[in-house]
2 protein chains.
Amino acid sequence: MNSLQTLEPALDEACCAPSGQPVLSAEDAQRKALVFKALSDPNRLRLLSIVKGTGDGEACVCDLTEPLDLGQPTVSHHLKILVDAGLLHREKRGTWAYYSLVPGALEQTAGLLASL
Amino acid sequence: MNSLQTLEPALDEACCAPSGQPVLSAEDAQRKALVFKALSDPNRLRLLSIVKGTGDGEACVCDLTEPLDLGQPTVSHHLKILVDAGLLHREKRGTWAYYSLVPGALEQTAGLLASL
DNA sequence: CACATGGATTGACATTCATCGATATAGTTG
DNA sequence: CAACTATATCGATGAATGTCAATCCATGTG
């Protein structure tokens with residue numbers, strides 16, 4: 001499973017210098033990948049766009065199923081992924097659940113790219 | 001159902017989005033999701049980080065397999081995904097293939113989030 | 001309380017994906 | 001040309017994912 005072979009430096013200038021830079025750790029990469037994975041679905045991007053485009057900045061599930069042409073359980077599933085990723089906020093008022101953008105979440109996500 | 005008219009894998013110019021339309025179209029969402037899908041894997045994030053952290057800004061496959069602890073075919077596969085997403089540039093010199101960041105690609109991707 | 005409604009959860013299913021081993025291709029060297 | 005090296009591609013496989021139908025939970029209303 002793990003073939004850790006001793007690679008002798010027989011290659012001089014052929015391959016470039018060893019990049020001993022502070023490379024992204026496996027844990028950080030895993031954590032950042034979760035956010036991008038939440039953004040990697042077109043329907044989830046549209047959900048964010050719809051929520052952002054609403055006048056009051058929030059929308060309930062019943063408003064989101066129709067424009068996406070998806071079933072209610074599927075929309076609810078996507079919304080949960082976006083909430084878990086820290087992009088959306090969920091607030092239940094009465095029977096309805098209102099979803100809104102977490103302030104600064106998109107900007108913070110954009111910052112992840114700069115800090116790669 | 002959905003008429004895909006201009007589905008071009010070319011690089012998108014995310015600047016100057018009309019922003020007149022209230023909702024991200026299905027085609028735009030699909031296109032943007034491809035870029036985030038390329039970023040949704042921790043190993044690919046680490047690949048970008050390593051390439052970015054290299055002194056000369058480029059790295060060959062032989063430099064990337066070891067720090068990721070992945071097989072050469074797997075690394076080559078991930079690199080192809082990053083190239084297809086427009087994030088990496090591939091240049092073959094002799095036997096080696098050198099990968100480098102596409103200038104402005106990360107910033108442009110960050111802009112996708114603002115134009116949601 | 002009985003019933004209706006909005007939303008979340010479960011289970012199933014088909015598709016996609018990440019990974020590896022084997023192999024093919026291209027450039028270099030003897 | 002033959003051998004070697006670096007990389008890409010192919011085929012297979014196990015895991016993850018998106019979707020839906022059915023169901024469950026919570027909160028209203030008669």
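Below, read A as the first sequence line, B as the second, and so on, with proteins coming before strands; counting in each chain starts at 1. All values derive from a computational prediction rather than experimental measurement.
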Going through the distances and angles, do B/Gln72 and B/Val61 end up as a side chain to side chain contact (heavy atoms under 4.5 Å, CB included)? CA-CA 7 Å; B/Gln72 173 264 320; B/Val61 182; 4.2 Å; yes

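- Note: CG (B/Leu82) to P (C/dC17) measures 14 Å, nearest angstrom.
- Residue contacts for A/Tyr98: at a heavy-atom cut-off of 4.0 Å it reaches no nucleic acid atom on any strand shown.
- To the nearest angstrom, P of C/dA18 lies 16 Å from CZ of B/Arg46.
- Heavy-atom distances to DNA chain D give each of A/Lys92 and A/Asp41 a nearest nucleotide, and the one nearer the 5′ end belongs to A/Asp41.
- The nearest whole Å value for the distance from the CG atom in B/Asp84 to the P atom in D/dA8 is 12 Å.
- The side chain of B/Ile81 has C/dA18 as its nearest neighbour among C/dA18, C/dA8, D/dT19.
- Counting non-hydrogen atoms of other residues, nucleotides and ligands closer than 6.0 Å to CD of A/Gln108 gives a total of 12 or fewer.
- In this structure, A/His77 atom NE2 and C/dT9 atom P are separated by 10 Å, rounded to whole Å.
- Rounded to an integer number of Å, the gap from B/Asp69 CG to C/dA18 P is 17 Å.
- Distances shown here put a side-chain N or O of A/His78 below 4.0 Å from the OP1 or OP2 atom of D/dT19.
- Listed candidates were C/dG7, D/dT7, D/dG18. Nearest to the side chain of B/Cys60 is D/dT7.
- Side-chain proximity of A/Arg44 to the nucleotides D/dT7, C/dG27, D/dG18 is greatest for D/dG18.
- Taking only side-chain atoms of B/Thr95, from C-beta outward, the nucleotide of C/dG21, D/dT19, D/dT5 with the closest atom is D/dT5.
- In this model, the phosphate group of C/dA8 is approached by a side-chain N or O of A/Arg90 to a distance below 4.0 Å at OP1 or OP2.
- Relative to the side chain of B/Trp96, the nucleotides D/dT19, D/dT7, C/dT19 differ in distance, and D/dT7 lies closest.
- Remark: C1' of D/dA6 and CD of B/Glu66 are 16 Å apart, rounded to the nearest angstrom.
- Across all strands shown, A/Arg93 has no heavy atoms under 4.0 Å from either base or sugar-phosphate atoms.
- Closest approach of B/Lys92 and B/Thr95 over heavy atoms only: CE-O, 4.1 Å.
- Side-chain proximity of A/Gln72 to the nucleotides D/dA8, C/dG27, C/dA8 is greatest for C/dA8.
- Listed nucleotides: C/dT9, C/dT19, D/dC20. Nearest to the side chain of A/Ser76: C/dT9.
- Proximity note for B/Val61 (side chain, C-beta onward) versus D/dG18, D/dT7, C/dA8: the nearest is D/dT7.
- Comparing D/dC20, C/dC17, D/dT17 by their closest approach to the side chain of B/Lys37 singles out C/dC17.
- Between A/Tyr99 and C/dA8, a side-chain N or O to OP1/OP2 separation shorter than 4.0 Å is present.
- Between the P atom of C/dG27 and the CD atom of B/Glu91 lies a distance of 14 Å, rounded to the nearest Å.
- Contact detail for B/Ala105 and B/Gly86: the closest heavy-atom pair is CB-O, 3.5 Å.
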Under the side chain to side chain contact (heavy atoms under 4.5 Å, CB included) criterion, do A/Arg44 and A/Leu87 qualify, and how do the steps go? CA-CA 11 Å; A/Arg44 287 197 287 268; A/Leu87 297 171; over 6 Å; no

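- Residue B/Asn43 contributes atom CG, which lies 14 Å from atom P of D/dA16 at whole-angstrom precision.
- Of the candidates C/dG7, D/dT19, D/dA21, the closest approach to any side-chain atom of A/Ala97 belongs to C/dG7.
- Contact annotation: the side chain of A/His78 approaches that of A/Leu70 to within less than 4.5 Å [non-hydrogen atoms, C-beta and beyond].
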